Amino acid sequence: MSMDDLKRQAAARAVEQVRDGMKLGLGTGSTAKHFVELLGERVQAGLKVIGVPTSEATRADAERCGVPLTTLEEVDRLDLTVDGADEIDPNLELIKGGGGALLREKIVAAASDRMIVIADESKWVKTLGRFPLPIEVVPFGLGATRRAIEAAFAENNVSGQMDIRKAKDGHAFVTDGGHWIIDARLGQIPDSARLAVSLNSIPGVVEHGLFIGLARTAVLAGPEGIRVVE
Ligand code: ABF
């Protein structure tokens, strides 16, 4: 079975949790895209839901699949967000942002009563940090922001190379919010909750890819079947 089949299986399991009338957060990435497609099939069959997309890419997918959309101005809370991740640890703490949509993903997840993270088993790790940590930054004053991030790393006993993410054209990758992303290769993050708090206090940091206390359920698809962690 291909990796893509596994992602679709995880997405299919999450779709089973969707009920008529739900307001949904729609994640970004190849696994979340399967969720949007499968949700679209159920909408065509009569399911009534409304979704808030976490990226322009997901907005386009949802429109293509006929999933009605709204915004967080128009609705108060969401019932459920389903999204992918780059790493998931046993406390259901996540690294997200490999696809560059971490800011909207975090806003939407935080506005949801429940978040289900869907992934293939390769995303499951004992300790976060093997995947480079995305940190979304404002281009203004980048030198100062980098130094503050380095200081936060030192306080949290982590270190590693920091690279500005590049787009295919070689220029800095620009997020949907008009910001840049620093990818920090930390190897291991011993206390991700503490690092998250340190990064939150840096003015030039808009958001970071540590999702702490947001996911309640992980649906992991592997060659031996689906594993649900809660
Ligand atoms: C988004 O998509 C991200 O936060 C994460 O970076 C990525 C996971 O992508 P995929 O499902 O394609 O592996 O959810």
Side-chain angles (χ1 to χ4, degrees), residues 1-15 24-39 51-62 65 78 80-89 92-112 114-125 128-137 163 165-168 173-177 179-186 189 192 196 199 206-222 226-227 229:
M1 196 176 290
S2 73
M3 197 67 107
D4 207 50
D5 292 334
L6 295 177
K7 291 177 180 187
R8 197 160 182 98
Q9 281 190 355
R13 182 63 73 91
V15 168
L24 300 169
L26 305 175
T28 295
S30 58
T31 319
K33 185 176 178 144
H34 284 301
F35 176 80
V36 171
E37 287 174 359
L38 293 167
L39 183 67
V52 174
T54 53
S55 63
E56 294 307 316
T58 297
R59 174 191 306 285
D61 289 336
C65 297
L78 300 173
L80 172 67
T81 283
V82 178
D83 202 350
D86 300 303
E87 281 188 349
I88 307 164
D89 80 3
L92 300 187
E93 294 179 346
L94 316 173
I95 288 185
K96 285 176 55 55
L102 64 142
L103 175 59
R104 293 188 188 183
E105 288 171 348
K106 200 178 277 189
I107 291 171
V108 168
S112 303
R114 184 174 177 210
M115 178 187 189
I116 299 178
V117 58
I118 52 175
D120 62 84
E121 281 280 359
S122 70
K123 306 292 182 67
W124 182 257
V125 296
L128 299 179
R130 189 185 56 197
F131 190 91
L133 176 65
I135 304 172
E136 185 159 346
V137 294
D163 299 308
R165 189 178 298 179
K166 295 276 193 323
K168 283 196 187 112
F173 171 89
V174 180
T175 67
D176 283 345
H179 310 122
W180 290 1
I181 289 183
I182 291 176
D183 289 306
R185 294 168 199 285
L186 302 175
I189 305 173
S192 40
L199 292 173
V206 182
E207 243 330 321
H208 54 76
L210 291 169
F211 280 50
I212 311 294
L214 289 169
R216 279 230 323 258
T217 307
V219 177
L220 299 157
I226 301 262
R227 185 161 67 101
V229 183

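Bear in mind that the values here come from a model prediction, so they are computed numbers and not experimental data. One-based numbering along the sequence shown. Both counts, for ligands and for their atoms, begin at 1 and track the order of listing.
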Test side-chain contact (heavy atoms from CB on, under 4.5 Å) applied to C65 and L39, step by step: CA-CA 8 Å; C65 297; L39 183 67; over 6 Å; no

R114, CZ atom: more than 12 neighbouring heavy atoms under 6.0 Å: yes

Which protein N or O atoms sit under 3.5 Å from any N or O of ligand 1? Give atom names and distances.
| residue | atom | partner | partner atom | Å |
| --- | --- | --- | --- | --- |
| ligand 1 | 2 (O) | T28 | O | 2.8 |
| ligand 1 | 4 (O) | K96 | NZ | 2.8 |
| ligand 1 | 4 (O) | G97 | N | 3.0 |
| ligand 1 | 4 (O) | E105 | OE1 | 2.7 |
| ligand 1 | 4 (O) | E105 | OE2 | 3.3 |
| ligand 1 | 6 (O) | D86 | OD1 | 2.9 |
| ligand 1 | 6 (O) | D86 | OD2 | 2.5 |
| ligand 1 | 6 (O) | G97 | N | 3.2 |
| ligand 1 | 6 (O) | G98 | N | 2.7 |
| ligand 1 | 6 (O) | G99 | N | 3.1 |
| ligand 1 | 11 (O) | T31 | N | 3.0 |
| ligand 1 | 11 (O) | T31 | OG1 | 2.5 |
| ligand 1 | 12 (O) | S30 | N | 2.8 |
| ligand 1 | 12 (O) | S30 | OG | 2.4 |
| ligand 1 | 13 (O) | K123 | NZ | 2.5 |
| ligand 1 | 14 (O) | T28 | O | 2.6 |
| ligand 1 | 14 (O) | D83 | OD1 | 2.9 |
| ligand 1 | 14 (O) | G84 | O | 3.4 |
| ligand 1 | 14 (O) | K96 | NZ | 3.0 |
| ligand 1 | 14 (O) | E105 | OE2 | 3.4 |

L133: which of I182, D183, L199, L128 passes side chain to side chain contact (heavy atoms under 4.5 Å, CB included): L199

With D83, the salt bridge (Lys or Arg N to Asp or Glu O under 4.0 Å) member among K33, K96, K123: K96

Side-chain donor-acceptor pair present, D4, S2, cut-off under 3.5 Å: no

Residues E56, R104: salt bridge by 4.0 Å N-O rule: yes

